[in-house]
Protein chains: 2
Amino acid sequence: MSRWRPDARERLQQAALELFAEQGFAATTVPEITARAGLTTRTFFRHFADKREVLYADDAEVPAMVATMMAEAPPSAEPLALIVEGLRTVAETRFEPRKAALLARRELVRADTGLQERDLRKRAAMSEAIREGFQTRGIDPPRAALLAETSVTLIYVSLSEWLDTPNDRKLYDIILKTLATLRNALG
Amino acid sequence: MSRWRPDARERLQQAALELFAEQGFAATTVPEITARAGLTTRTFFRHFADKREVLYADDAEVPAMVATMMAEAPPSAEPLALIVEGLRTVAETRFEPRKAALLARRELVRADTGLQERDLRKRAAMSEAIREGFQTRGIDPPRAALLAETSVTLIYVSLSEWLDTPNDRKLYDIILKTLATLRNALG
DNA sequence: TAGTGTGATGACACGGCGTGTCATCACAGA
DNA sequence: TCTGTGATGACACGCCGTGTCATCACACTA
C-alpha cells in the first residue's frame, strides 16, 4: 500500500461533481470537496486552477486536438470544408458520447454567472486554437479570426439545439443545418 | 456642504481607472480604490457588483439600447439589414467616440484572465439582447440565436481590427468589409 | 418649528477563495 | 544503503464580496 491512495485528481473531480449535483456549485465549498475525496484543501488547488476548472477537466485537450487536426489537413483543403470536417470530428468524439454529462454541466452553468464566464472562456480558447490553425495555414489574421469565431458559433449554437432535442438526432446533421441557415441568412 | 461629497460612483470609477493604469488590475485592491476616492470598501460594492465591473460601467445600457432599436425598427426590416444598421448605430455612438478608453481597457483585459472572462460575458449579454430582439420579431429561436451570435462576431472582430488601425478608419466600413469577407467565405 | 422618514454611507464581522512556504515521507534509482 | 524526487500535509495569510446594524444629513409633512 502506497503512502497515498492513487488517482487523487480523479477522486477530487468525482467528489466535486457529486457535490455540485447534490447542492449546487456555489453552495459547495472546496473543503467539502476535499473532505469527501480524503485530501486537503491545498491539494485541490494543485490539481485544478480554481473551483470552476474541475467542471472542464475533461475538455482540457480539445484545443490541442483542434490544432493538430488543422495542422495535419492537406494544404489544399478549403477553410469551410476544414471547419465542417473538424466540427464533425469534435462532435462525434467529444460531444456525442457525453450527452448526459454535458446536460448536467449546462444546468450547473445556467445557475451560476461565474460558471457562465468560465464557459465562455472555454469557447474563446477553442476559437483561439482555430484562429491560430488558420493563420498557420496562411490565412490573413482578420479573416482567420472571423472564420474561427464563426466556427465556434456554429458548433455551440448547434450543440445547444442538440442538447434541447430529446431524441438521438445527430449533432453533425444539426451543424450542417445551422450552416445552411447561416448561408441563407447572409444570402 | 452636504454630509458626503457627491458623485461617489464617479469618484470610485475614476480612482479605479487611475490605479489600474498605474499598477495594473490585479495589483490594485479595492481598499486602495476606496481610499483614493475617500470612501470605505463596503461602499464600493454598493456601486459595483465586483472589482471587474467598474471597467464596464459605461457600457451598462448598451443591451437595452440594442433592444429598443430592434423593437422600434419597422416590421418589414430584413434581419441582415437590421443587424447592419444596428451595428452602425452602436459603432458610431458607443465605440467611435471612445477609442482611447477602449484601447486602454483592452490592454488591461489582455493582462488578466478574470477580466477576459468578464469581457466575454459582456459580449454574451449583447448577443442575448439581440437574440431576444429577433425572437420578439417572430424569428424562431435557433435562427435568432445564430443571427445574434453572428452579429456579435461581426462587431467584435471588426472592433478589434479597428482598434489595431492607427488612423481614423471608420468602424462601420470595417464592419461592412468583414461582412463581405464572411459572405465570401461561406459562399 | 418640530417631528419623521428616507437613503446613502460607515463600521464591523465573517466565510470562502486562492497562494506561498516549509515539512514530511514513500518510492525509485544509483 | 543512500539520495533525490515528487506528491501531499500543515499552516499562515491577503483579498474578495456579503450581511448587518448604526449614523445622520436632507426632504417632507403637519
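Sequence lines set the chain letters: A, B, ... in the order given, protein chains first and strands last, and positions in each chain run from 1.
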Interatomic distance where CZ belongs to Arg52(B) and P belongs to dC16(D) [whole Å]: 11 Å
Candidates dG10(C), dT8(D), dG18(C) - which lies nearest the side chain of Thr43(A): dT8(D)
Shortest side-chain distance from Arg46(B), nucleotide among dT20(D), dC16(D), dG18(C): dT20(D)
Qualifying residues under salt bridge (Lys or Arg N to Asp or Glu O under 4.0 Å), relative to Lys51(B), sequence neighbours excluded: none
Spacing of Asp112(B) atom CG relative to dG18(C) atom P, expressed in whole Å: 13 Å
Pro31(B) side-chain proximity, nearest of dG18(C), dC16(D), dC17(C): dC16(D)
OP1 or OP2 of dA7(D) under 4.0 Å from side-chain N/O of His47(A): no
Atom pair distance, as rounded to whole Å: CZ in Phe48(A) and P in dG18(C): 13 Å
Ala16(B) backbone acceptor or donor facing Arg36(B) side chain under 3.5 Å: no
Atom-pair distance (CZ on Arg5(B); P on dA25(D)), nearest Å: 17 Å
Pairs meeting criterion side-chain hydrogen bond (donor to acceptor under 3.5 Å, both in side chains) with involvement of residues 57-72 of chain B, two or more places apart: Gln13(B)-Asp58(B), Asp59(B)-Arg98(B), Asp59(B)-Arg105(B), Glu61(B)-Arg94(B)
Rounded interatomic separation in angstrom, taking CG from Leu39(A) and C1' from dA10(D): 14 Å
Distance, rounded to the nearest Å, where Phe45(A) contributes CZ and dA12(D) contributes C1': 15 Å
Atom-pair distance (CZ on Arg42(B); P on dA22(D)), nearest Å: 16 Å
Nucleotide nearest Thr40(B) (side chain, heavy atoms from C-beta), chosen from dC16(D), dC17(C), dA11(C): dA11(C)
Any donor-acceptor N/O pair, Gln116(B) side chain to Arg110(B) backbone, under 3.5 Å: yes
Whole-Å distance separating the NZ atom of Lys51(A) from the C1' atom of dT19(C): 17 Å
